[in-house]
J.: 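This is the structure I want to talk about, given as structure tokens.
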Protein chains: 2
Amino acid sequence: MQARISSKAATGRSAGEAAILEAAVKLFSEKGYDTVSMRGIAEEAGVSKANIYHHFDSKEALYRSILCASASQLAGLVSELAGSAGPFEKRILDFATEHLSRLEGDALSSRVILREAFSGNDEHNKLLVDEVFGGIFERMVAIFEAGQRAGVLRNELDAALCATLLIGADVFFFQARGILRHLPQAGFASDLPRFSAQMVDVMLNGMLAGTLPAAAGQGGEG
Amino acid sequence: MQARISSKAATGRSAGEAAILEAAVKLFSEKGYDTVSMRGIAEEAGVSKANIYHHFDSKEALYRSILCASASQLAGLVSELAGSAGPFEKRILDFATEHLSRLEGDALSSRVILREAFSGNDEHNKLLVDEVFGGIFERMVAIFEAGQRAGVLRNELDAALCATLLIGADVFFFQARGILRHLPQAGFASDLPRFSAQMVDVMLNGMLAGTLPAAAGQGGEG
DNA sequence: CCAAAGACTGACCGTACGGTCAGTCAGTAA
DNA sequence: TTACTGACTGACCGTACGGTCAGTCTTTGG
């Protein structure tokens, strides 16, 4: 099997280990930690259960390995997005659109992290904040504070709250798509750019009529 | 034990059954279905495991019983909130504030439903929409459509999307509070009314400066 | 007072879990 | 050829799971 050797040379891990990781990400994204069994992962990966223990010390270690990979991926993505240039409104729209599209693109990893973040375990929460979310949130808040210094964002608003609203809208939409798809009124459930555009429109310009600035209405009629 | 008799007469169920339900709600709100064990529920309730099977056919039946109770509770709450009167802006603020405060007040039930709604199981999603969320969402959308007919809400916006944003902001905040608490910038994490007020302010009036109508700034400086 | 009914229990069953281990097999360097 | 290494496996272990059942208390209607 020449393929196995070359695949190991390329990624630093054997074909079996890669299959295990792929299977584990898939299963851990579908169900919670306890519901996923090592037997199930082994079957999905096409290897023996004992082989998993050859590559990973324990179920916990395998899970943490996946979590760390997903987390550093997320951190890299956001730091990239947060570094974009341009006027405030465009930065916000670009961030929201790209953030949501990558949540969907890496749906498996995203679900693993979200499940962990919303698990309610305070120790895990603190760890996630220290290692991942803290830095991400700081960069997000900085964007809004820059908007306030530039006089574009209302000064009486809490920048951190604004960042929470923007991220929250994306995350909630990502989480709730399975529900929204069954709601006949929510046609936007299958149209990510439409949601992003109108969501940012509302966030920036508000829902109320008769208060739009000259530059408003970006994408609302796409 | 006179207390046992009276408690059964009052609620239609024995003290043991009530203890089982209470324990089950608590545990199912903390962990997922598979992670919660019947032994754990029995211990938490202070009864034998066999006693649970005397009152409920199976683990699944116990879980469904809890889910149905939580769901009808949620449906009742939202239909009550959606029926409020007053001008559009006030209805939105009242709904958001009260909705979030009741999410927290019934945090256990809320978590059980949210976990189920975001489980990713499409059959469960469809069932939840048909039995609970469908009606709730319809009422919410109606509020926004009424706002549009009254000329208060921008006509080019999608009413269903607006409803999603409002509910999503509350739900995300409720889910993410454990994370937000660890973020030093997010002081609003422990101040529900402040979050509700400023969230609604942003939703209605937008984040951008220089576009506020006369009635704006409701609660932003509390 | 006494049977019928319902609340409740300890012991048990088969199964699936996470984890271990001795051992096989292919590739590799000496 | 030989000795070694890492990938990999089937069989096994103790434990905890959901669920069952015979039987014991406790309350209640006649």
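Nothing here was measured: the structure is a model prediction, and the numbers come from that model. First the proteins, then the strands, lettered A, B, ... as listed; each starts at 1.
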J.: If the sugar-phosphate is the primed atoms plus P, OP1 and OP2 and the base is the rest, what is the B/S/- string for nucleotides 17-22 of chain C, using protein heavy atoms under 4.0 Å?
T.: BBBBB-
J.: Can you name the ring pair (Phe, Tyr, Trp, His ring centres under 6.0 Å) partners of Phe56(A), sequence neighbours left out?
T.: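 If we apply the ring pair (Phe, Tyr, Trp, His ring centres under 6.0 Å) test to Phe56(A), skipping adjacent residues, there are no hits.
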J.: Residues two or more places apart in sequence or in another chain: which of them pass salt bridge (charged side-chain N to carboxylate O under 4.0 Å, His left out) with Arg102(B)?
T.: Glu80(B), Glu98(B)
J.: Scan the side chains in residues 161-174 of chain B for donor-acceptor partners under 3.5 Å anywhere in the protein, sequence neighbours excluded, and list what turns up.
T.:
| from | atom 1 | to | atom 2 | distance (Å) |
| --- | --- | --- | --- | --- |
| Thr164(B) | OG1 | Ala160(B) | O | 2.8 |
| Asp170(B) | OD2 | His99(B) | ND1 | 3.0 |

J.: Report yes if at least one side-chain N or O of His54(B) is closer than 4.0 Å to OP1 or OP2 of dA7(C); otherwise report no.
T.: yes
J.: Which whole-number value in Å describes the distance from Ile41(B) CD1 to dA16(D) P?
T.: 17 Å
J.: Measuring to OP1 and OP2 of dA7(D), would you say a side-chain N or O of Asn51(A) lies under 4.0 angstrom away?
T.: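 For dA7(D), OP1/OP2 do not have a side-chain N/O of Asn51(A) under 4.0 Å.
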J.: If you compare every side-chain N and O of His55(B) against the phosphate oxygens of dG6(C) (OP1, OP2), does one of them come in below 4.0 Å?
T.: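 Negative; the distance criterion is not met.
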J.: For the pair made of CD1 in Ile20(B) and P in dC8(C), what is the distance, rounded to whole Å?
T.: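 So the two atoms are 7 Å apart, to the nearest Å.
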J.: With Glu104(B), which residues qualify under salt bridge (charged side-chain N to carboxylate O under 4.0 Å, His left out), at least two apart?
T.: Arg177(B)
J.: Going by the rule salt bridge (charged side-chain N to carboxylate O under 4.0 Å, His left out), which residues pair with Glu44(B) if we only count those two or more places apart in sequence or in a different chain?
T.: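 Scan of Glu44(B) (salt bridge (charged side-chain N to carboxylate O under 4.0 Å, His left out), adjacent residues dropped) gives Lys26(B).
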J.: Assess whether side-chain hydrogen bond (donor to acceptor under 3.5 Å, both in side chains) is satisfied between Asp122(A) and His182(B), documenting all intermediate values.
T.: CA-CA 9 Å; Asp122(A) 200 59; His182(B) 290 290; 3.1 Å; yes
